[in-house]
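This report concerns only the one structure given below.
Bear in mind that the values here come from a model prediction, so they are computed numbers and not experimental data. Just so we're on the same page: letters track the sequence lines, and every chain starts at 1.
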Amino acid sequence: MRVCVKLFAAVRDIAGDEKVELEVSSDADISAVRAALIGKWPQLEPYAQFLNFAVNQTYATAATRVAADDEIACIPPVSGG
Amino acid sequence: MRVCVKLFAAVRDIAGDEKVELEVSSDADISAVRAALIGKWPQLEPYAQFLNFAVNQTYATAATRVAADDEIACIPPVSGG
Amino acid sequence: MASLTHETIDLQSLYDMVATPTAGAIVTFSGVTRELTQGRQTESLDYEAYAEMALAKLTELEQIAKERWPIEKCAVVHRLGHLEIGEASVVVAASSAHREAAFLAAKWLIDTLKEEAPIWKRENWSDGSTEWVHPGLPTGDAP
Amino acid sequence: MASLTHETIDLQSLYDMVATPTAGAIVTFSGVTRELTQGRQTESLDYEAYAEMALAKLTELEQIAKERWPIEKCAVVHRLGHLEIGEASVVVAASSAHREAAFLAAKWLIDTLKEEAPIWKRENWSDGSTEWVHPGLPTGDAP
């Protein structure tokens with residue numbers, strides 16, 4: 001299936017877009033989404049372990065399953081405040 | 001000697017004046033000033049142990065000696081803030 | 001930058017007093033007149049001070065706070081005279097490079113001024129009676 | 001009462017949001033753009049957020065704070081977009097009957113939003129370079 005992932009800050013700058021489409025298997029979880037993202041942008045590889053993800057605006061774990069219509073976002077380490 | 005004592009809040013209301021003159025011995029300390037104050041207004045007796053004093057705008061102890069031209073103040077328990 | 005005032009305290013002006021390019025954190029504390037104190041209805045308050053000593057004491061507390069925590073600046077202003085419900089009786093502000101120090105200094109300043117500054121409040125209760133607040137004094141027919 | 005804004009944050013309006021007749025204490029925390037960060041000169045900052053989630057997260061933190069401490073109200077506003085030195089990037093306010101709770105809740109809110117809110121800042125250094133701040137990411141030729 002095809003999922004859409006929102007990107008922010010340095011990750012968005014590297015990918016050059018605020019939103020990317022990734023092809024993942026129909027039973028994909030966040031670890032599969034992460035792998036697909038790194039596969040598309042190998043420059044992100046050193047940061048892979050530091051990237052969190054959110055599904056439908058809630059922090060997800062590596063095992064969180066995703067569906068094609070989920071709102072998925074890649075959340076690099078935050079620095080608000 | 002004659003010393004002048006500034007009064008505040010409930011103590012001032014009881015004495016009816018914001019400034020009182022008290023007659024004390026020439027080697028008087030704050031405990032003597034306290035005793036002279038209570039002697040003049042026996043209604044203050046229940047509160048005597050709760051009354052602090054300041055000499056020249058600094059908190060004093062019972063043993064602090066006073067002079068005729070010192071600025072002496074009776075400081076009942078504070079409630080600012 | 002301690003002061004006593006009979007006017008409404010302006011929070012923004014306290015903030016501006018402690019703002020500085022090296023400060024990344026600014027904490028303010030405002031003490032506000034409440035409607036209910038231990039179940040009794042307060043109509044208004046009056047504050048009075050031994051003004052010269054109170055100002056010296058507040059200035060001394062600011063100095064101690066600056067020695068004790070890595071703060072950039074701090075300021076304290078205490079209101080005197082008649083206050084209606086909801087008005088601030090005291091505002092403390094502290095600025096620091098990192099937030100911990102500003103929080104600790106502001107907390108210590110308000111805690112300590114409440115114990116040491118020669119300032120008193122009088123509760124004007126809604127039943128028409130008034131009462132100087134002297135913590136620890138025997139109650140009942142207290143002055 | 002969480003919000004995100006591209007405008008200057010008004011401290012007084014945050015104070016007014018949490019003021020209430022039962023509150024005797026109001027604490028505010030302002031996070032301010034500093035001129036120097038670890039020795040480097042900052043020219044300005046830009047903040048961006050995953051806005052919908054950031055707003056949901058700030059609202060959730062306000063709820064948790066209200067459950068954890070006896071506070072009356074709390075409010076958080078985070079600035080987005082371009083900020084000059086000295087401007088507030090975030091303001092937190094909390095009110096409570098007694099001061100302890102307002103201090104603790106305000107401190108927890110700023111500590112926790114810095115860890116959890118999906119908001120990022122970009123340092124615009126005085127040498128003309130810019131850098132997204134991602135704590136923990138490998139440095140050097142970091143993105």
Checklist line | Over 12 non-hydrogen atoms of neighbours within 6.0 angstrom of CD in C:Glu7 | finding: no
Check: Most heavy-atom pairs under 4.5 angstrom with chain D, which of C:Gly24, C:Pro21, C:Ala23, C:Ala25?
Finding: C:Gly24
Item checked: Under 4.5 Å from any heavy atom of chain C - which part of D:Tyr15 -> side chain
Notebook entry, point to check: Contact part of C:Ala106 toward chain D, heavy-atom cut-off under 4.5 Å: side chain, backbone, both or neither?
Noted result: both
Checklist line | Part of D:Ala97 within contact of chain C (heavy atom distance under 4.5 Å) | finding: both
Check: chain D heavy atoms under 4.5 Å from C:Ala93: which part of the residue, side chain, backbone, both or neither?
Finding: neither
Item checked: Region of C:Thr22 in contact with chain D, defined by heavy-atom distances below 4.5 Å -> backbone
Notebook entry, point to check: Measuring from D:Asp111:CG to C:Arg99:CZ, what's the distance to the nearest 0.5 Å?
Noted result: 4.5 Å
Next item on the list: Hey, could you give me the NE2/CZ distance between D:His98 and C:Arg34, rounded to the nearest 0.5 Å?
Entry: 4.5 Å
Checklist line | Side chains of D:Phe29 and C:Thr28 in contact at under 4.5 Å (non-hydrogen atoms) | finding: no
Checklist line | Pairs of heavy atoms under 4.5 Å with chain C: top-ranked of D:Val27, D:Thr20, D:Asp10 | finding: D:Val27
Margin query: Does any backbone or side-chain atom of C:Ala19 lie under 4.5 Å from a heavy atom of chain D? Answer side chain, backbone, both or neither.
Written below: neither
Next item on the list: Kindly compute the distance separating CG (D:Leu104) from CZ (C:Phe103), expressed to the nearest 0.5 Å.
Entry: 9.5 Å
Note to self: So which residue, C:Thr33, C:Ile85, C:Ile110, ends up with the most heavy-atom pairs under 4.5 Å with chain D?
What the structure shows: C:Ile110
